[in-house]
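Notes follow once the structure below has been shown.
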Amino acid sequence: MQNLQKGLFILISFLISTPCFSQKIDFDRVITPSEMRTRNFKEYLIQLAWNNSPENEVLSFEKGLREFEVKAEKKDWMDDVKFSINLNENNLNPDTIYVVPGNNLSSVNQTNLFPIFNFNATVSLGTLSNRKNKIGMAKQRVKIAESNINQKKLNVRMEILKRYETFLMFEETLKAVIQAEENANQALILVTNLFKADKATFKDYNVASISYNSAVEKRIKANAELKISQYLIEEMIGISFEKAKIMQNNIQ
């Protein structure tokens with residue numbers, strides 16, 4: 001009995017807490033809308049990457065197309081509505097006199113045929129019965145287009161964050177490498193002077209020279225990696241990294 005009560009308590013607790021784990025994502029927080037200011041430079045890069053991508057624009061066009069399809073489906077039934085009007089000669093020419101054989105013309109009264117015209121409208125029952133399904137399918141395609149946009153927003157955000165963090169890493173790495181190069185250069189100068197004064201051996205000089213050259217090589221490599229990481233960001237934002245900084249500062 002106690003186990004049963006415990007199990008029911010766990011089940012009820014789970015059902016109560018379930019809504020907390022099913023919160024919908026606010027995609028305006030994933031990528032800040034273009035009409036809103038971003039919180040920081042990182043968020044601004046994400047915004048630029050989304051707004052300046054032709055591929056993302058295609059997704060917006062796709063959603064717009066699907067919305068037009070919903071409107072078209074709502075009016076599609078009108079294509080199967082057919083109208084017809086029947087007119088008779090008496091309606092077209094009211095002065096027409098119809099003569100019955102065996103009667104004198106003078107004794108014949110003008111004949112008016114009614115109705116003046118016949119109006120008919122027909123519509124396919126199949127069209128009406130399928131209309132709800134077609135509209136429903138069109139609305140689902142709109143939701144699919146929206147989901148594709150939202151998924152792309154998540155992808156763009158993650159990709160920009162990865163590239164920006166890589167840029168920051170190489171930026172700090174370059175600073176450290178530059179400092180190491182300066183230290184190696186100072187050591188080489190010191191050993192060179194000692195070598196000239198016969199206070200250091202050629203081996204000491206050679207070690208210091210190799211250390212300095214290695215530091216130069218690392219600095220060149222780190223600088224190239226930093227530039228490449230910057231180019232990868234520019235590939236997504238569509239403008240230069242420096243221009244993005246200036247624009248973001250002007251907005252703030």
Side-chain angles (χ1 to χ4, degrees), residues 25-60 149-252:
I25 298 175
D26 182 1
F27 286 95
D28 283 344
R29 296 179 66 86
V30 173
I31 295 181
T32 307
S34 56
E35 65 274 9
M36 295 178 59
R37 291 184 178 181
T38 55
R39 297 188 298 271
N40 49 50
F41 183 61
K42 182 165 52 179
E43 294 295 330
Y44 184 63
L45 290 177
I46 295 171
Q47 187 185 68
L48 284 176
W50 178 258
N51 292 336
N52 293 345
S53 170
E55 183 179 358
N56 299 335
E57 193 174 22
V58 168
L59 292 177
S60 298
I149 290 175
N150 292 337
Q151 181 59 55
K152 190 62 186 298
K153 284 183 177 181
L154 293 173
N155 296 342
V156 168
R157 180 179 180 83
M158 176 55 69
E159 188 60 30
I160 279 292
L161 290 176
K162 286 166 55 178
R163 298 188 185 195
Y164 185 61
E165 289 301 322
T166 301
F167 171 83
L168 294 178
M169 179 185 69
F170 285 132
E171 190 175 47
E172 292 301 316
T173 300
L174 181 60
K175 292 179 182 178
V177 168
I178 289 175
Q179 183 61 51
E181 180 186 359
E182 291 178 356
N183 293 338
N185 183 50
Q186 292 297 323
L188 177 60
I189 293 173
L190 176 61
V191 172
T192 300
N193 292 333
L194 292 174
F195 178 72
K196 291 179 179 179
D198 292 329
K199 294 182 180 180
T201 64
F202 178 77
K203 182 179 179 180
D204 295 331
Y205 171 79
N206 193 45
V207 170
S209 179
I210 293 174
S211 178
Y212 171 72
N213 290 333
S214 178
V216 171
E217 182 180 350
K218 288 180 180 179
R219 190 255 304 164
I220 294 173
K221 183 179 179 181
N223 188 58
E225 289 174 335
L226 178 63
K227 286 184 177 180
I228 291 173
S229 66
Q230 177 179 318
Y231 298 152
L232 289 174
I233 293 175
E234 292 175 350
E235 177 188 22
M236 293 190 67
I237 65 177
I239 59 176
S240 70
F241 194 75
E242 294 302 321
K243 185 175 181 180
K245 286 184 177 180
I246 295 172
M247 290 175 61
Q248 201 261 347
N249 290 332
N250 291 336
I251 293 174
Q252 297 300 326

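What you see below is based on every heavy atom in this structure, not just the backbone, and it leaves out hydrogens, waters and symmetry mates.
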Could you walk me through whether Asn206 and Phe195 satisfy the side chain to side chain contact (heavy atoms under 4.5 Å, CB included) test, starting with their C-alpha distance in whole Å, then the side-chain angles of each, then the deciding distance to 0.1 Å, before giving a yes or no?
CA-CA 10 Å; Asn206 193 45; Phe195 178 72; over 6 Å; no
Starting at CD1 of Ile31, measure out to CG of Asn150 and round the result to the nearest 0.5 Å.
9.5 Å
Closest approach of Glu171 to Leu226 (non-hydrogen atoms, all atoms of both residues):
N-CD1, 3.5 Å
Of all heavy-atom pairs linking Ser211 and Ala184, the shortest is O-CB, 4.1 Å
Got a sec, which pairs hit ring-ring contact (aromatic ring centres under 6.0 Å, His included) with one end in residues 165-193, sequence neighbours left out?
Phe167-Phe241
So with a 6.0 Å cut-off around CE of Met158, is the heavy-atom count from everything else above 12?
no
Just verifying a value: how many Å separate Tyr44 OH and Thr32 OG1, rounded to the nearest 0.5 Å?
11.5 Å
What one should report as the nearest heavy-atom pair of Ile237 and Leu45 is CG2-O, 3.6 Å
Can you find a side-chain donor-acceptor pair between Asn51 and Gln47 that sits under 3.5 Å?
no
Given Lys221 and Val177, is the side chain to side chain contact (heavy atoms under 4.5 Å, CB included) satisfied, shown in steps?
CA-CA 10 Å; Lys221 183 179 179 181; Val177 168; over 6 Å; no
Is there a donor in the side chain of Gln186 and an acceptor in the side chain of Glu182, or the other way round, less than 3.5 Å apart?
no
Main-chain N/O of Ile189 paired with Asn193 side-chain donor or acceptor, under 3.5 Å:
yes
Ser214 side chain to Ile210 backbone, donor-acceptor under 3.5 Å:
no
Salt bridge (charged side-chain N to carboxylate O under 4.0 Å, His left out) against Glu172, all qualifying residues, sequence neighbours excluded:
Lys175
Do Arg163 and Met236 come within less than 4.5 Å of each other through their side chains, counting heavy atoms only?
yes
Smallest separation among heavy atoms of Ser53 and Ala49, with atom names:
CB-O, 3.4 Å
Flag the pair Glu217 / Asn213 as yes when at least one side-chain heavy-atom distance between them is below 4.5 Å, and no otherwise.
no
Shortest non-hydrogen contact from Ile233 to Tyr164?
CD1-CA, 3.8 Å
Using salt bridge (charged side-chain N to carboxylate O under 4.0 Å, His left out) as the criterion, list what pairs up with Glu43, not counting sequence neighbours.
Arg39, Arg157
Looking only at the side chains, is there a donor atom on one of Thr201 and Asp204 sitting less than 3.5 Å from an acceptor on the other?
yes
Minimum heavy-atom separation for Gln248 to Thr38, with atom names?
NE2-OG1, 4.2 Å
First locate atom OG1 of Thr192, then atom CG of Asn185, and finally report the distance between them rounded to the nearest 0.5 Å.
9.0 Å
Using side-chain heavy atoms (C-beta onward) and a distance below 4.5 Å, is Thr173 in contact with Glu225?
no
From NZ (Lys243) to CG (Leu48), nearest 0.5 Å:
10.0 Å
Would you indicate whether Lys42, at its atom NZ, is surrounded by more than 12 heavy atoms from other residues, nucleotides or ligands within a distance under 6.0 Å?
no
CG/Leu174 to CD/Glu181 distance, rounded to the nearest 0.5 angstrom?
9.5 Å
State the CZ-CD1 distance between Phe41 and Ile46, to the nearest 0.5 angstrom.
11.0 Å
Asp26 versus Val30: any side-chain heavy-atom pair under 4.5 Å?
no
Regarding Gln151 and Asn155, do their side chains bring together a donor and an acceptor under 3.5 Å, going by distance alone?
yes
